[in-house]
Each structure stands twice: as C-alpha cells, then as structure tokens.
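Note that the structure is a prediction, hence the values are computed from the model and not measured.
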Amino acid sequence: MKDGMHLPPQAPLRPPAEVMRLARMGAMFPTRLSFLRTLIRRLAAERAEVRVDRWELCPEGFGHAVISVALGGHRYALVAVARDLPPEARTDRVIATAWDSAYVLFDGVPGDADVARIIANAPLQEAGRFSDRDLVLSRANKSVRLFAHVVQSLRAGRQADPAMIRDVGYLMRTTAVYGNGKFGIADRAVYDTRPGLEGPFSAEMLTVFLIRHFTHALAEHVGRGTLDRGIKRHLGIGNSTGLGMAPFLVAHPVLLNNWMIARETALARVRAVSDLGPAQRDRIGVLADRAAAHLAEWSVPDPVQQARIVALRADWNVARRLLAPGALARPGALDAAMRGAQRQSLDVEELMAALLIEPFGELVDGLADCMSDPFGPLAPPMADTQMLRARIERDFDWALGRDYADKAECSQFWYVSEAKMEPRLGLRFEEPGADLESPLDIARRVAAAYRDLPAQTEPVSAFVDRHPDQALAVSRVCLSARYPYAEIRDNLIGQGCLPVDMLRCKLSFFGASKFDPKSDRWTRVTLCQGAPLADELGAGADDWWLPVMAF
C-alpha cells in the first residue's frame with residue numbers, strides 16, 4: 001500500500017475451502033475485473049482510435065487487412081488473412097490444419113516484408129515461422145449460417161434478423177489465441193511491462209477485440225452495406241476451447257490465487273457498503289433486470305446445460321427480490337443479498353456475486369492491477385516436517401482420506417499430445433499413455449507426501465532428499481502459506497472431475513459469456529458481445545456486463 005492510501009472497509013473473504021471447488025468454479029460469471037473489461041476500460045480512457053492501414057480483400061472477402069491501434073504509447077497491428085476454405089475442411093477441432101481466417105498481432109505497424117511473411121505463415125499456424133515482433137497468433141472459422149445471412153441481408157438492402165443475431169451472437173469463432181512465445185512468437189517478457197499490456201492475457205484480449213472489428217468490417221465489405229449499430233454491438237467473437245486451457249490453472253498457482261483473491265476482495269469490499277444512494281439502488285435494479293433478460297436469451301443445445309439454465313432463470317426471479325427497492329434501502333442490503341443467494345444454488349450465488357461487484361468500479365477496479373504475477377512464486381520455506389504435517393492438515397485436508405488406488409479416484413490421467421503438443425485427458429484403465437502422465441494430480445501427490453512423513457521431526461530438506469518424488473507436493477504445500485487460493489480443492493484425476501468447470505473459470509476471467517458446453521471437455525463461448533465498437537471508445541464504454549440484444 002502506498003503512503004497516504006487507505007484501503008476501503010471490507011467484509012470477510014469467502015474462504016478458499018468454499019471458493020476453490022470445481023463445482024463453484026464451473027458456475028462463475030464474468031465481472032468488471034475480467035481481462036477484456038480491464039483492457040477496454042484502458043482503451044476507452046485513452047480514447048484509442050482503431051485505424052485500417054490496409055484493406056486488400058476481393059469482393060468475396062478473401063485477401064488480407066492490417067488494422068492498428070495505439071495503446072499505452074505503443075502501436076499494435078492485427079494482420080488478418082482470409083481464405084476461401086472448402087466446407088469439408090472447416091472444423092473447430094485442434095487437429096484442423098486450415099481455417100477461414102488467421103491472425104497475427106504485430107508489434108508496431110508492419111512493412112511490406114513483414115506483411116508478406118505473415119500472409120505466408122499465419123494460415124499455417126503451428127507449422128509457420130514467426131518472429132519476436134509477432135505477439136499473438138490466432139485463427140478463426142465463420143459461423144457459416146449467420147455470416148451468409150448477414151451478407152445476403154445487406155446485399156438485399158436490409159438488416160439481419162435480430163433473432164438470429166441473438167441466437168448465434170458472432171460472425172466468427174476463434175479456435176486458439178496463442179501468446180507467450182508459443183511457436184516462435186514473442187515471449188510475454190517482451191511487452192509485459194508496457195502500459196496497457198501488463199495485465200494477464202492483455203495482448204490476447206487486444207487481439208480478440210481487433211478480430212471482432214475485422215469480422216464486422218468483413219461482413220460489411222462482402223455485403224456491400226452497413227450493419228446497424230445495435231446489431232453490430234451484439235456481434236462478439238465466438239471461441240471454441242478444449243482441454244488445452246484447463247491445466248493452466250494448475251500449472252500457474254500464483255496467477256490463479258491472484259485472480260481469485262482479487263475477485264473475492266472486490267466482493268468483500270462491496271459487501272461492506274452499508275448504505276446505498278438512490279442512483280446506486282436504481283443501477284442495481286437495472287442490472288438485476290438485465291441479468292434476467294440475459295438468462296432468457298441464453299439457450300444451448302446440450303440438454304443438461306439447458307436444464308441448468310432454465311433452473312437458473314426461475315431461481316434468479318426469486319433471488320432478485322433480494323435486490324428490490326425496499327430491500328436495498330435497508331442498511332447492509334448488499335451483504336444481506338449475498339447471504340440470501342448463498343442459501344440457493346451455486347449458479348445463483350455466483351451470478352449475485354458478479355452483479356454486486358458491477359456497479360462499484362471506484363471500489364474495485366484498482367484490484368485489476370494485482371492480478372498478474374511479476375515475481376513468480378515466493379513460498380516461505382518450512383523448517384521441519386512437523387510444520388509440513390500441520391500445514392497439510394490445515395490447507396490440504398480435502399486431499400487426505402481418499403483411497404487413490406481406488407479406480408474411481410484415479411480413473412483419469414493428464415498428458416500432452418505428441419502430435420499437437422496440447423494437454424489431453426486419458427482414461428487410465430482403458431487407454432495407454434499413463435506412463436507419460438503430467439503432474440496435475442496434486443491431491444494424490446500431497447496425500448502421498450503426508451503418508452511418507454516420518455514419525456520423528458526432521459528438516460524438510462532431509463525429507464525431500466530421501467523422497468525426491470515428493471518435491472512437487474512439498475512445494476505446493478509451501479505455496480499455500482502465501483497463496484491461499486492457489487489450489488483447486490478437488491481430485492483432478494478422479495472420475496468426478498469435469499474439466500469444463502476449469503474452462504468456465506478461466507474463460508470467465510477472460511470475460512466470456514453464453515457458455516455452450518459440447519461435452520465435459522470442451523465448450524463454446526462468446527467474447528466481446530455488447531462491447532463498444534471501435535469508434536465508441538470513450539465515456540460510457542464500460543457498461544456491457546451480461547449484454548442483452550436490443551431489438
């Protein structure tokens with residue numbers, strides 16, 4: 001805390017034992033601390049101007065474009081390459097080798113040589129060759145039905161059907177947005193101290209924002225018309241995300257802790273607000289109505305997820321009574337609303353948490369500056385095995401008492417695909433490859449270390465010397481002292497582990513909504529839906545939490 005600064009009051013944080021469970025993580029909603037929201041607030045504060053530097057596409061929309069924007073004193077350019085992709089080659093699966101469009105976020109404005117290099121390499125994605133001025137690599141496929149409808153409507157001199165816009169919500173969906181040195185692009189360290197890009201995944205979110213602008217411009221170019229602003233604003237970017245994203249939360253415990261503790265601190269600050277003014281009460285009422293309308297528009301093909309959405313719609317109509325004008329006029333109304341939501345489902349509780357955070361930017365927005373990890377793990381060492389035992393019993397009690405030899409407790413294993421270098425999840429007793437298992441089995445490892453602890457106290461270093469296979473478990477236990485929200489408190493190799501819960505957690509921090517699970521291992525979502533357009537980056541640009549289609 002800087003000299004002269006005083007932290008606002010806050011209620012107690014919800015404990016890690018309550019927050020860090022897969023079922024709750026799989027119920028999370030985006031908040032104003034989500035990375036897209038933070039990025040667009042920064043762009044709006046700088047009144048950033050998006051500029052089309054090149055537009056070399058044929059009438060049918062194939063070719064390339066360069067779209068740039070200044071942020072924090074630096075200019076970045078999206079180089080977009082659009083191709084005529086045969087329908088039989090279009091797939092969102094990671095095994096794909098061709099896409100409708102490919103993108104590079106370039107550091108600066110590329111000259112002719114760099115544009116030519118990117119045009120040649122971006123469509124190859126993993127097989128391409130990239131430089132340290134290429135910051136992010138991405139690709140996307142059209143939502144063919146909606147893209148064709150929008151184009152045909154514009155050519156006929158009319159706007160697209162709002163119902164179709166609402167039901168799909170995007171013209172293209174990305175199948176990967178790669179950063180941090182993958183496939184030869186720039187390491188994050190190249191830009192992670194630059195203003196505007198210092199936050200987690202900021203470069204990736206900037207890429208998504210610019211891709212969205214490109215998709216709007218592409219549809220207008222091919223359709224030879226102009227989209228209505230309301231329709232255009234509701235057209236975000238789709239995203240198909242699978243198992244490749246899930247292990248990140250385990251492999252980066254400090255980041256996970258920082259994200260979660262920022263979110264929980266924001267909620268705790270808001271719950272400590274005692275009295276609300278008329279404008280605040282009105283704003284909360286508007287958001288409660290918006291949440292109900294958003295839920296009404298959220299429909300998915302999966303029957304299990306759709307049943308969950310239908311239940312949430314009904315439950316929210318009950319929970320929002322906690323936000324009625326009379327209730328909000330009472331002292332401590334926000335804490336009372338949160339306590340009331342806690343008596344309902346996890347979905348209701350997490351929706352309420354996200355809503356309560358939304359109107360209080362002055363209290364919580366600064367917490368976004370605490371969500372990166374500039375220093376790496378700083379774990380205080382433990383002197384002896386007695387201290388180690390006590391810490392495991394305190395912070396990892398959830399990992400103890402399981403029989404990890406039971407098939408139900410170890411039925412799955414994580415590994416990295418040799419073909420695509422992407423994380424995968426195998427069935428231990430049905431598929432080969434368990435000998436190549438990735439160390440995401442934190443619960444099992446900590447339980448094994450606990451069993452190996454000696455009856456007599458000894459230095460932790462001596463214990464690890466005798467049990468080198470327990471070094472990872474010991475390091476995770478040491479981390480828990482400084483990072484209480486660093487660990488997912490579930491068995492990630494048990495048959496009850498649903499990776500889609502991990503995906504939803506991470507995607508909610510990106511700012512995703514309209515979760516559309518296709519299995520327990522991959523999902524589609526929408527990013528940037530309702531976000532300001534490129535020429536709307538100014539005052540009022542931050543009001544797009546849980547957007548609703550305006551007919």
Side-chain angles (χ1 to χ4, degrees), residues 10-29 31 33 246 249-272 335 338-354 356-357 367 370-371 377 379-380 382 387-404 409 440-451 453 472-494 496-499 501-502 504-506 508-509:
Q10 66 181 53
L13 272 63
R14 295 187 295 180
E18 177 182 328
V19 172
M20 302 305 297
R21 301 300 302 271
L22 278 176
R24 182 178 298 278
M25 296 168 73
M28 289 175 61
F29 286 85
T31 73
L33 293 178
L249 298 181
V250 183
H252 297 82
V254 178
L255 273 178
L256 177 59
N257 173 84
N258 293 352
W259 298 357
M260 286 292 194
I261 207 166
R263 180 175 173 273
E264 291 304 310
T265 300
L267 179 61
R269 287 182 180 182
V270 170
R271 293 179 73 169
D335 185 61
M338 197 64 216
R339 285 187 283 106
Q342 287 171 335
R343 292 191 287 270
Q344 300 192 57
S345 69
L346 292 178
D347 287 327
V348 169
E349 187 178 348
E350 293 310 306
L351 178 56
M352 181 68 79
L356 294 184
I357 291 169
L367 293 167
C370 307
M371 297 175 77
M382 280 182 277
M387 184 182 294
L388 181 61
R389 182 187 299 276
R391 182 64 51 74
I392 292 174
E393 291 173 348
R394 189 192 75 180
D395 294 341
F396 288 84
D397 56 320
W398 53 273
L400 305 178
R402 300 176 186 265
D403 179 6
Y404 293 98
E409 296 289 359
L440 273 67
D441 55 334
I442 303 301
R444 180 173 65 172
R445 287 171 177 266
V446 171
Y450 184 78
R451 288 195 304 270
L453 289 174
L472 175 58
V474 170
S475 70
R476 301 295 285 225
V477 176
C478 290
L479 281 174
S480 69
R482 190 181 294 268
Y483 309 106
Y485 294 84
E487 219 61 75
I488 299 172
R489 299 192 174 206
D490 275 295
N491 176 19
L492 301 185
I493 60 171
C497 172
L498 300 178
D501 291 335
M502 301 161 73
R504 178 158 171 177
C505 172
K506 188 179 179 186
S508 73
F509 277 106

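A heavy-atom distance below 4.5 Å is found between the side chains of Leu22 and Ile488. Side-chain contact check for Glu349 versus Met338: some heavy-atom pair is nearer than 4.5 Å. In this structure, Met260 and Met28 have side chains that are in contact, with non-hydrogen atoms separated by less than 4.5 Å. Met25 has its side chain within reach of Leu249: a pair of non-hydrogen atoms, C-beta onward, lies under 4.5 Å apart. At least one side-chain heavy atom of Val250 sits under 4.5 Å from a side-chain heavy atom of Arg476. A heavy-atom distance below 4.5 Å is found between the side chains of Trp398 and Glu487. Contact of the Leu367 side chain with the Ile261 side chain is not registered, since no non-hydrogen atoms from C-beta on lie closer than 4.5 Å. Taking the side chain as every heavy atom from C-beta outward, Leu13 and Val19 never approach each other to under 4.5 Å.
Listed for the Asn491 side chain is a donor-acceptor partner under 3.5 Å among the backbone atoms of Glu409. Remark: side-chain polar atoms of Asp490 are not paired, donor with acceptor, to backbone N or O of Leu492 under 3.5 angstrom.
Here Arg21 does not pair with Glu350 in a salt bridge; the nearest charged N to carboxylate O distance is not below 4.0 Å.
Between atom CG of residue Leu440 and atom CZ of residue Arg445 there is a gap of 9.0 Å, rounded to the nearest 0.5 Å. Note that CE of Met387 and SG of Cys478 are 9.5 Å apart. Values are rounded to the nearest 0.5 Å. Annotation: the span from Thr265 atom OG1 to Arg269 atom CZ amounts to 6.5 Å, rounded to 0.5 Å. Rounded to the nearest 0.5 Å, atoms CD (Glu18) and CG (Leu346) are 9.0 Å apart. The CZ atom of Arg271 lies 10.5 Å from the CD1 atom of Ile357; values are rounded to the nearest 0.5 Å. Rounding to the nearest 0.5 Å places CG of Asn258 at 8.0 Å from SG of Cys370.
Taking each heavy atom of Ala268 and Pro12 in turn, the nearest pair found is CB-O, 4.2 Å. Residues Ala11 and Ala272 come closest through the heavy atom pair N-CB, 3.6 Å. Across every non-hydrogen atom of Ala481 and Pro380, the tightest pair is CB-CG, 4.0 Å. Among all heavy-atom pairs drawn from Leu256 and Ala486, the shortest one is CD2-O, 3.5 Å. Taking every heavy atom of both residues into account, Ala262 and Leu33 meet most closely at O-CD1, 3.7 Å. Here the closest heavy-atom approach between residue Gly26 and residue Asp501 is recorded as CA-OD1, 3.5 Å.
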I'd like to know whether Arg263 forms a side-chain contact (heavy atoms from CB on, under 4.5 Å) with Arg14, so could you lay out the CA-CA distance, the side-chain angles of the two residues, the decisive distance to 0.1 Å, and finally the verdict.
CA-CA 10 Å; Arg263 180 175 173 273; Arg14 295 187 295 180; 3.6 Å; yes
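In this structure, Arg504 satisfies the cation-pi test against Phe29, with its NZ or CZ atom closer than 6.0 Å to the six-membered ring centre and inside 45 degrees of the ring normal. Within the cation-pi definition used here (under 6.0 Å to the ring centroid, within 45° of the axis), Arg391 does not qualify as a partner of Phe396.
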